[in-house]
Amino acid sequence: MSDTIVPRGTFSLEELEELLLGRWPGGDAALAARARQVMADEVGEEVRLRGLLEFSNRCTSDCYYCGIRRSSRSDDQGAPLVRFDLSEEAILEGARLCLQEGYGSMTLQAGERRDRPFIDFVEGVLRRIKEETVTPDLPRGLGITLSVGEQTRETYRRFFDAGAHRYLLRVETSNPRLFARLHPPEQPLERRLQALEDLRAEGFQVGTGVMIGIPGQTSRDLARDIMFFREIDADMIGMGPYIEAAGSAREEMHRQGLLPDTSGAERLRLSLRMIAATRLVLRDVNIAAATALQALSPTGREQGLAFGANVLMPIVTPGGQRRAYQLYQGKPCVEETARECISCTPRRAAWARRPVSYHSWGDAPHARRKEGVFHD
Ligand code: 5AD
């Protein structure tokens with residue numbers, strides 16, 4: 001596989017599979033170099049930052065693999081899982097922190113709820129952040145990425161009108177059988193796909209992604225996932241290794257036969273190849289070096305950058321709430337404060353020999369091109 005025989009961005013499923021199996025000519029180092037070249041050409045070398053604020057761990061979904069699933073009862077230490085909601089003021093404080101640090105964007109994430117009070121709350125918070133973060137560098141306030149799961153199209157419209165302009169909703173896997181093994185019957189894949197369509201229709205820049213190394217997942221599945229990203233014309237991708245859940249959710253993983261069956265090192269390698277492959281196929285999208293990479297290696301996120309990722313999401317969730325937002329075991333930065341995550345972020349970019357971009361939304365060129373805007 002080389003550019004002389006493979007047209008730009010065009011790979012067959014078989015070629016992607018080969019790549020994921022580690023058969024890129026010259027090995028993973030050559031693959032990383034190629035992905036980095038495409039990244040530099042299409043989105044630039046700069047690492048874009050989004051402060052990640054996890055504002056509530058209440059969740060009505062029951063994804064078998066997730067540490068904050070509805071029926072999770074204990075955290076990783078065996079202590080009862082404390083459900084929390086940050087106040088509007090605490091969220092605003094997080095937004096101001098992002099602003100102060102020169103992050104032009106933040107990501108607001110929480111467990112999935114569709115009740116009226118939650119939706120009203122999120123809408124109100126979005127409006128306040130947009131009003132209170134206008135600066136000369138950011139005439140339209142902080143860029144906001146929202147990640148609160150499947151909602152109705154009307155709710156998505158309200159969130160968009162309130163000022164969120166990007167949305168993350170991972171498909172987790174595009175293989176229907178695998179999706180059905182990971183989720184209870186009342187969470188069908190069709191609803192997830194509908195939500196992704198609705199987000200697009202309401203004007204959001206859409207991010208999706210998958211978990212990598214799920215038991216039973218094949219390299220063919222992962223190659224198809226990349227084709228799925230292309231089919232739905234994703235603007236952003238966030239994906240990372242599949243990891244043992246925290247606390248009592250791990251028991252459910254065990255019951256469902258879903259505990260990871262490959263080593264952490266293998267899942268990390270596969271995740272890095274997925275990042276590179278996605279960069280080669282989708283080219284001008286934003287790709288996050290997900291936090292979960294760091295659960296498998298202290299330099300996991302830096303390696304993600306080296307394989308073609310261009311987004312880091314430093315956690316700005318207040319220290320006190322982090323233990324209660326452990327989606328999986330060994331989630332990094334649980335003991336850290338927002339300040340510590342803020343100071344280690346430029347170090348991670350520097351380790352990967354990459355500049356950091358400050359004071360801008362950092363939308364994916366892919367999305368900007370669709371909107372007819374050719375530079376940020
Ligand atoms: N391993 C890896 N990723 C996980 N997530 C949730 N639980 C796990 C796990 N056990 C990811 C899902 C979800 C995102 C918020 O966190 O992909 O979309």
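All ligand and atom numbering here is 1-based and tracks the order in the structure.
Between the choices Glu54, Arg250, Met253, Met211, the shortest heavy-atom distance to atom 4 (C) of ligand 1 belongs to Met211. Considering only non-hydrogen atoms, atom 11 (C) of ligand 1 lies nearest to Arg170 out of Arg170, Lys331, Arg69.
When the side-chain hydrogen bond (donor to acceptor under 3.5 Å, both in side chains) test is applied to Arg191, the partners found at least two apart in sequence or on another chain are Glu150.
At least one heavy atom of Pro241 sits less than 4.0 Å from an atom of ligand 1.
Annotation: Tyr65 places an N or O atom under 3.5 Å from an N or O atom of ligand 1; distance criterion only.
Scanning the protein for heavy atoms near atom 12 (C) of ligand 1, the closest one is Glu172 OE1, 3.4 Å. Protein heavy atom in closest approach to atom 16 (O) of ligand 1: Leu327 CD1, 3.3 Å. At the top of the distance list for atom 9 (C) of ligand 1, counting protein heavy atoms only, stands Ile243 O, 3.6 Å.
Neither side chain, Ser71 nor Glu252, offers a donor N or O lying under 3.5 Å from an acceptor on the other. For the residue pair Thr317 and Gln321, no side-chain donor N or O sits within less than 3.5 Å of a side-chain acceptor on the partner. Counted by atom type alone, Asp233 and His366 present one or more donor-acceptor pairs between their side chains at under 3.5 Å. Defined by atom type and a distance below 3.5 Å, a donor-acceptor pair is present between the side-chain atoms of Glu112 and Ser61.
The aromatic rings of Phe55 and Phe118 sit parallel, their planes meeting at an angle under 30°, below the 60° perpendicular limit.
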